[in-house]
Amino acid sequence: MIGLGTIVNVGTVLIGTTIGILLKNGLPKRFEKTVMQGLGLSTCFIGIGGTLSEVLTIQDGEIGTQHTMLLILCLALGAVIGEALNIEQRLEDFGAFCQSHFAAKGDSRFVEGFVTASLLFCVGAMSIVGALNGMFYDPTMLIAKAILDGVASILFAASLGKGVYLSIVPIFFYQGGITLMARFIRPWLTDVLIGQMSCVGSVLIFAISLNLIFNSKLRVGNLLPAIFLPVLFFFLAQFFPTLGTL
């Protein structure tokens with residue numbers, strides 16, 4: 001069944017968030033900060049591991065790097081595009097709209113829960129590769145991701161509340177959209193290109209972890225276009241071969 005992985009992913013987030021809400025009601029307030037920092041630390045190492053796995057190379061026993069200039073260019077141009085579109089503000093506005101209509105009064109972290117969970121669940125490598133595989137009736141990777149997201153949603157909801165429920169909307173449309181487009185775009189996506197997209201996504205996961213650990217405000221939403229810019233450089237490299245060496 002096409003899209004099965006995304007459906008399962010939505011289901012595990014719903015279940016995980018419900019469990020997290022129940023835990024939240026039974027946990028003292030002082031637990032929230034430690035829970036978020038613990039989740040931030042685990043997210044940090046996921047981001048670092050994913051980035052290093054694509055950037056570092058080992059040849060003849062020597063460690064080298066690859067795609068570093070591409071990574072810098074994608075993040076810089078992605079930031080410009082994201083700021084022009086003001087993606088993060090639009091996410092927050094959508095969250096605020098839903099908060100005003102569905103959230104209980106006093107749920108001050110509703111928008112934060114929605115934005116943070118949505119970004120983490122959508123920017124990783126598994127979202128892209130798993131959604132592409134979904135077109136070819138292989139939901140394995142997205143089901144694995146669904147389990148991870150379900151666990152993460154418990155922790156998010158236990159600290160940030162019901163806004164995490166709303167993250168199923170971008171999960172459904174983002175992953176589902178990639179799955180539907182996979183028939184047309186998969187033939188052009190080489191393993192190297194998918195690895196480059198995954199690398200950028202891993203950097204954004206690391207940025208999310210900094211927000212979780214230090215309660216900072218890196219505008220990760222406005223960096224989202226960077227994930228797809230390796231595709232642009234890949235096609236430009238057909239006409240300007242120098243770009244293929246970035």
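Cluster membership check: L119 does not share its hydrophobic cluster with F97, using side-chain heavy-atom separations under 4.5 Å among Ile, Leu, Val, Met, Phe, Trp and Tyr. Taking hydrophobic clusters as Ile, Leu, Val, Met, Phe, Trp and Tyr residues chained together by side-chain heavy-atom distances below 4.5 Å, L70 shares a cluster with I72. V203 and L56 end up in the same hydrophobic cluster when Ile, Leu, Val, Met, Phe, Trp and Tyr side chains are linked at under 4.5 Å. When hydrophobic clusters are built by joining Ile, Leu, Val, Met, Phe, Trp and Tyr residues whose side-chain heavy atoms come closer than 4.5 Å, directly or via intermediates, L41 is grouped together with L148. Hydrophobic cluster membership is shared by F172 and M181, with clusters built from Ile, Leu, Val, Met, Phe, Trp and Tyr side chains linked at under 4.5 angstrom.
Listed here is the closest heavy atom pair of S209 and G40: CB-O, 3.2 Å. Taking both residues in full, the closest heavy atoms of A152 and L39 are given as O-CD2, 4.4 Å, listed atom of the first, atom of the second, then distance. Minimum interatomic distance between S118 and P170 (heavy atoms only, all atoms of both residues): OG-CG, 3.3 Å. In this structure, E88 and G221 approach most closely via the heavy-atom pair OE1-N, 2.6 Å. The heavy-atom pair separating G161 from I21 by the smallest distance is C-CD1, 3.5 Å. Shown here for C122 and Y174, the closest heavy-atom pair between the two residues is O-CE2, 2.9 Å.
No donor-acceptor contact under 3.5 angstrom links the side chains of Y165 and S153, judged on distance only.
Listed for the Q238 side chain is a donor-acceptor partner under 3.5 Å among the backbone atoms of F234. Using a distance-only test at 3.5 Å, with no hydrogens or angles considered, a donor-acceptor pair links the side chain of N222 to the main chain of I87. Side-chain atoms of R90 come within 3.5 Å of backbone atoms of L85 as a donor-acceptor pair (strictly under, hydrogens ignored). Distance alone, capped at 3.5 Å, is enough to place a donor-acceptor pair between the S167 side chain and the V164 backbone. Remark: the backbone N or O of V123 is not paired with any side-chain donor or acceptor of S127 at under 3.5 angstrom.
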Verdict with reasoning, I81 to L229, per side chain to side chain contact (heavy atoms under 4.5 Å, CB included) | CA-CA 10 Å; I81 296 171; L229 287 180; 4.1 Å; yes

Apply side chain to side chain contact (heavy atoms under 4.5 Å, CB included) to T51 and F206, showing your working.
-> CA-CA 9 Å; T51 303; F206 176 73; 5.6 Å; no

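If you take CD1 on I205 and CG on L120, they are separated by 6.0 Å, rounding to the nearest 0.5 Å. A distance of 10.5 Å separates CD1 of I143 from CD1 of I7, quoted to the nearest 0.5 Å. A distance of 7.5 Å separates OG of S159 from CD of E112, quoted to the nearest 0.5 Å. For the atom pair D93 CG and C98 SG, the distance stands at 11.0 Å (nearest 0.5 Å). Taken to the nearest 0.5 Å, the SG atom of C74 stands 10.5 Å off from the CD1 atom of I227.
Between L75 and L204 the shortest side-chain heavy-atom distance falls below 4.5 Å.
Every residue two or more places apart in sequence or in another chain was checked for a side-chain hydrogen bond (donor to acceptor under 3.5 Å, both in side chains) with Q66, and none qualifies. Evaluation of the salt bridge (charged side-chain N to carboxylate O under 4.0 Å, His left out) rule for R219 yields E83 as partners, not counting sequence neighbours.
Heavy atoms of other residues, nucleotides or ligands lying less than 6.0 angstrom from CZ of F228 number more than 12. Taking a 6.0 Å sphere around CZ of F45, one finds it holds 12 or fewer heavy atoms contributed by other residues, nucleotides or ligands.
F94 has its ring centre less than 6.0 Å from the ring centre of F114.
No option in T116, L212, I213 other than L212 meets the side chain to side chain contact (heavy atoms under 4.5 Å, CB included) test with T43. Only one option out of V192, V200, I194 pairs with Q196 in a side chain to side chain contact (heavy atoms under 4.5 Å, CB included); it is V192.
Within the structure, every pair that satisfies the side chain to side chain donor-acceptor pair (under 3.5 Å) test and touches residues 8-17, not counting sequence neighbours, is listed here: N9-K145, N9-D149, N9-Q175.
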